[in-house]
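Remarks on the structure that follows.
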Amino acid sequence: MITLFGIIEYSMQNIGTKSEGHSALLKCNDGKEYTLYRTNCMPVDDTFFAPYHGKKVYVTGSVEEQTEHFCVTSISSDEPSETIIQKKEK
């Protein structure tokens, strides 16, 4: 598990493709960007991240090096304090 700091951008991504939809990106100060997702949830149109749009946050989880996707286990707008993410109900 690692913790990253950045600004979340929740916006339309992959326009014109089968994976078109709103996705959450974490934009870090070092220029890296990660697509955020939660366990058992697709990263497209997961409105959980919408309220964080434009906010500076700490996210804890694990990164998939090949895809630059980040599986978020907690998110906080303060110094990491483990605000646990609830799994999306089916």
Side-chain angles (χ1 to χ4, degrees):
M1 295 271 203
I2 61 170
T3 299
L4 299 174
F5 178 77
I7 297 174
I8 289 184
E9 177 184 301
Y10 186 77
S11 61
M12 186 66 81
Q13 303 291 321
N14 304 312
I15 297 170
T17 69
K18 291 193 308 184
S19 59
E20 177 179 300
H22 286 84
S23 295
L25 297 177
L26 181 70
K27 296 185 172 192
C28 301
N29 290 341
D30 62 4
K32 287 191 176 185
E33 293 184 1
Y34 298 92
T35 300
L36 304 180
Y37 72 98
R38 299 181 294 152
T39 301
N40 299 321
C41 297
M42 295 296 295
V44 177
D45 294 328
D46 182 359
T47 58
F48 173 84
F49 294 106
Y52 295 99
H53 176 73
K55 303 218 189 282
K56 295 179 181 180
V57 296
Y58 292 90
V59 293
T60 300
S62 56
V63 66
E64 296 175 10
E65 297 295 334
Q66 293 176 336
T67 63
E68 297 291 313
H69 288 191
F70 192 87
C71 183
V72 179
T73 57
S74 68
I75 188 167
S76 175
S77 58
D78 298 320
E79 203 58 42
S81 62
E82 296 303 309
T83 302
I84 304 300
I85 290 178
Q86 299 298 313
K87 290 184 181 175
K88 186 176 182 179
E89 297 297 320
K90 292 185 178 182

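- Contact record, G21 with V44: CA-CG1, 3.6 Å, taken as the closest heavy-atom pair.
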(message) What verdict does the side-chain contact (heavy atoms from CB on, under 4.5 Å) test give for E68 and E33, after you've listed the backbone C-alpha separation in whole Å, the side-chain angles of each residue and the deciding distance to 0.1 Å?
(response) CA-CA 7 Å; E68 297 291 313; E33 293 184 1; over 6 Å; no

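- Among all heavy-atom pairs drawn from F70 and G61, the shortest one is CZ-N, 3.4 Å.
- Note: S23 OG to D45 CG = 7.0 Å, rounded to the nearest 0.5 Å.
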(message) Does I75 form a side-chain contact (heavy atoms from CB on, under 4.5 Å) with I8? I'd like the steps, not just the answer.
(response) CA-CA 11 Å; I75 188 167; I8 289 184; 3.6 Å; yes

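- With hydrophobic clusters built from ILVMFWY side chains whose heavy atoms lie under 4.5 angstrom apart, L25 does not share a cluster with L4.
- The shortest non-hydrogen separation linking E65 to V63 is OE2-CG1, 3.1 Å.
- Here the CZ-CZ distance, from F49 to R38, works out to 6.0 Å after rounding to the nearest 0.5 Å.
- The backbone N or O of T73 sits nowhere less than 3.5 Å from a side-chain atom of T60 that would complete a donor-acceptor pair.
- Listed for the H53 side chain is a donor-acceptor partner under 3.5 Å among the backbone atoms of Y10.
- Side-chain atoms of Q13 and S11 form a donor-acceptor pair, as typed in the model, at a separation below 3.5 Å.
- Note that the CG atom of N29 and the NZ atom of K56 stand 7.5 Å from one another [nearest 0.5 Å].
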